[in-house]
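This one's a predicted model, so the numbers in the text were calculated from it and none came from an experiment. Lettering of chains follows the sequences in order, A, B, ..., and the numbering in each one begins at 1. Values reported hereafter were calculated over all heavy atoms of this structure, with side chains retained and with hydrogens, waters and symmetry mates removed.
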There are 2 protein chains.
Amino acid sequence: MAVEGKGDDSPQQPGLTRQALVRAALRVLEREGVGGLSMRRLASELGVKAPSLYWHVRNKEELLDLLTDELMADAQAPPREGDWREQLREYCVRYRRHLLGKRDAAKVVAGRLVPGPHLLRLMEDQLGRLREAGFADADAAMINYLLGAFVQGFVLQELGPLSASEAMGADRREVATAAGEQLRRLPPETFPHLVALAGDLTGPSMEARFSFALERVLDGLSTLLEQSSGVREEGTSHE
Amino acid sequence: MAVEGKGDDSPQQPGLTRQALVRAALRVLEREGVGGLSMRRLASELGVKAPSLYWHVRNKEELLDLLTDELMADAQAPPREGDWREQLREYCVRYRRHLLGKRDAAKVVAGRLVPGPHLLRLMEDQLGRLREAGFADADAAMINYLLGAFVQGFVLQELGPLSASEAMGADRREVATAAGEQLRRLPPETFPHLVALAGDLTGPSMEARFSFALERVLDGLSTLLEQSSGVREEGTSHE
DNA sequence: ACCTGAACACCGTTCAAGT
DNA sequence: ACCTGAACACCGTTCAAGT
């Protein structure tokens, strides 16, 4: 009757696997959002009672750590086309899209530094491209961290409602223009810049804000690369 | 007997003010952390029962919005010394220190876009400096958003335990070197870069990561400023 | 106008007990 | 080895009722 032999070192399948647990958590997250992802709901998704989960996982934190890496399972590295800048841009654009594509993914991933297998795969690939581009090892490591923190932080901002006036009700465009009106009505003698820039502050879409920020970061990396290769050419290297 | 007349439009003081509520929330946050900040505990801090709070505040979300702005109450803009780059750097360094100085502040503030009075004050100041530095209005608005998202996102990463192995137990230095060992033990044929850069990836302190990232962003802003002022000088402006 | 009691529908986690 | 019942100590929020 036990048809599906996995072939590895588990003699009888235990009904619940860590893998099954994490995949179920992903389904619950997609369906209910991060607020609805409780140990109890996850248990019922698996046809089991909540305390059972604690046999497979130390606590909810560990579950979220596992889930964090699972969220990276189908993240794609960009094609190796174009220069390093084009490739890094594509990395960030894809990572953002990936996080936005899975419900509340950024809220799970946000403050979590988990070196799971899927993340390691992506890091390995990105570090390789950074070194090929000519970045020093120490810089490549820093840049890898920087880009991750940058995109995650950005998408996290993007997930929350644009303002206090909320996700319940009006769409982003309306909320933004309302916020613009509010800024314009401020006393101009104490807030001249906010009044003058009301449109500039509330107008741009999140897309636009992200790509603006991304281009600034990429410019900064360009500068670093020029500086360090400049040093290598004209510097006092012991070569 | 009602000694403390506020003088404004509140005839009898209602025992609970929104202000008192928010200040109490700040004390609870400092004492118990974000996980300990519940409506019930906040109520007991105020010598009142939980349902009372809902007279003053729509729900916990609104409370957190108010708290977010209160967290900015004593944030200091840097002195107007040095060039724009020095001032923006100091802005970010101070903002980071400010967030790190209040327990779990970044976790409250993170995905929350609340244009409260204290934030508006800082925005007004920063936008002024950006315009004086020569940034175009649209750019100044974008940069203001970028820097906020950048610092908040960064500090949020910094707050979580450095790795899964946890806040409970070993300090950051130990965890970092342990993570380094783990990377070094990876199969070098599939993870050559991770193995080679193990030390670079796990060595740097959060201080170092932050200031590296910050200098890159500032470099990026320099490039933007040069480009746009270049365009203004040699461009086809209708001046 | 402002506060409370009681209740609803939940949480994460532990632990003795079952198989 | 793996799962459950029962319990502990909590949550956010509503709502009739009190003053």
Rounded to whole angstroms, how far apart are [atom1] on [X] and [atom2] on [N]?
X	N	atom1	atom2	value
A:Leu64	C:dT13	CG	C1'	15 Å
A:Glu32	C:dC10	CD	C1'	13 Å
A:Leu21	D:dC2	CG	C1'	13 Å
A:Leu42	C:dG12	CG	C1'	13 Å
B:Tyr54	D:dG12	OH	C1'	4 Å
A:Arg58	C:dT14	CZ	P	10 Å
B:Asn59	D:dT14	CG	P	8 Å
A:Met39	D:dC3	CE	P	13 Å

Using the P atoms only, state how far D:dA9 lies from C:dC10, rounded to an integer number of Å. 22 Å
Could you tell me the separation between the CG atom of A:Leu159 and the CG atom of A:Leu99, rounded to the nearest 0.5 Å?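 Reported value, rounded in 0.5 Å steps: 8.5 Å.
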Calculate, to the nearest 0.5 Å, the distance between atoms CG and NE2 belonging to A:Leu21 and A:His56 respectively.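 Those atoms lie 6.5 Å apart.
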Under 4.0 angstrom between [X] side-chain N/O and [N] OP1 or OP2:
X	N	result
A:Lys49	D:dC3	no
A:His56	D:dA1	no
A:Ser52	D:dC2	no
A:Ser38	C:dC11	yes
B:Trp55	C:dC3	no

May I ask you to check whether B:Gln157 and A:Tyr145 show a side-chain donor-acceptor distance below 3.5 Å?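 The criterion, which ignores hydrogens and geometry beyond distance, is not satisfied for A:Tyr145 and B:Gln157.
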Hey, which of these two, A:Gly36 or A:Pro51, hits DNA chain C nearer its 5' end, going by closest nucleotide?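 It is A:Gly36, whose closest nucleotide lies nearer the 5' terminus.
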Pairing nucleotide - D:dA7, Watson-Crick or G-U, each distance under 3.5 Å: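 Pair assignment: D:dA7 / C:dT13.
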Can you tell me the Watson-Crick or wobble partner of C:dA1, both distances under 3.5 angstrom? D:dT19
Check the angle between the aromatic planes of A:Phe210 and A:Phe154 and answer parallel, tilted or perpendicular using the 30° and 60° thresholds. perpendicular
So that I can tick it off, tell me whether A:Glu158 and A:Arg209 are bridged by a salt bridge, with the cut-off set at under 4.0 angstrom between side-chain N and carboxylate O. no
Between C:dG12, C:dC3, D:dG12, which nucleotide has the shortest distance from any of its atoms to the side chain of B:Leu16?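 For B:Leu16, the side-chain atoms sit closest to C:dC3.
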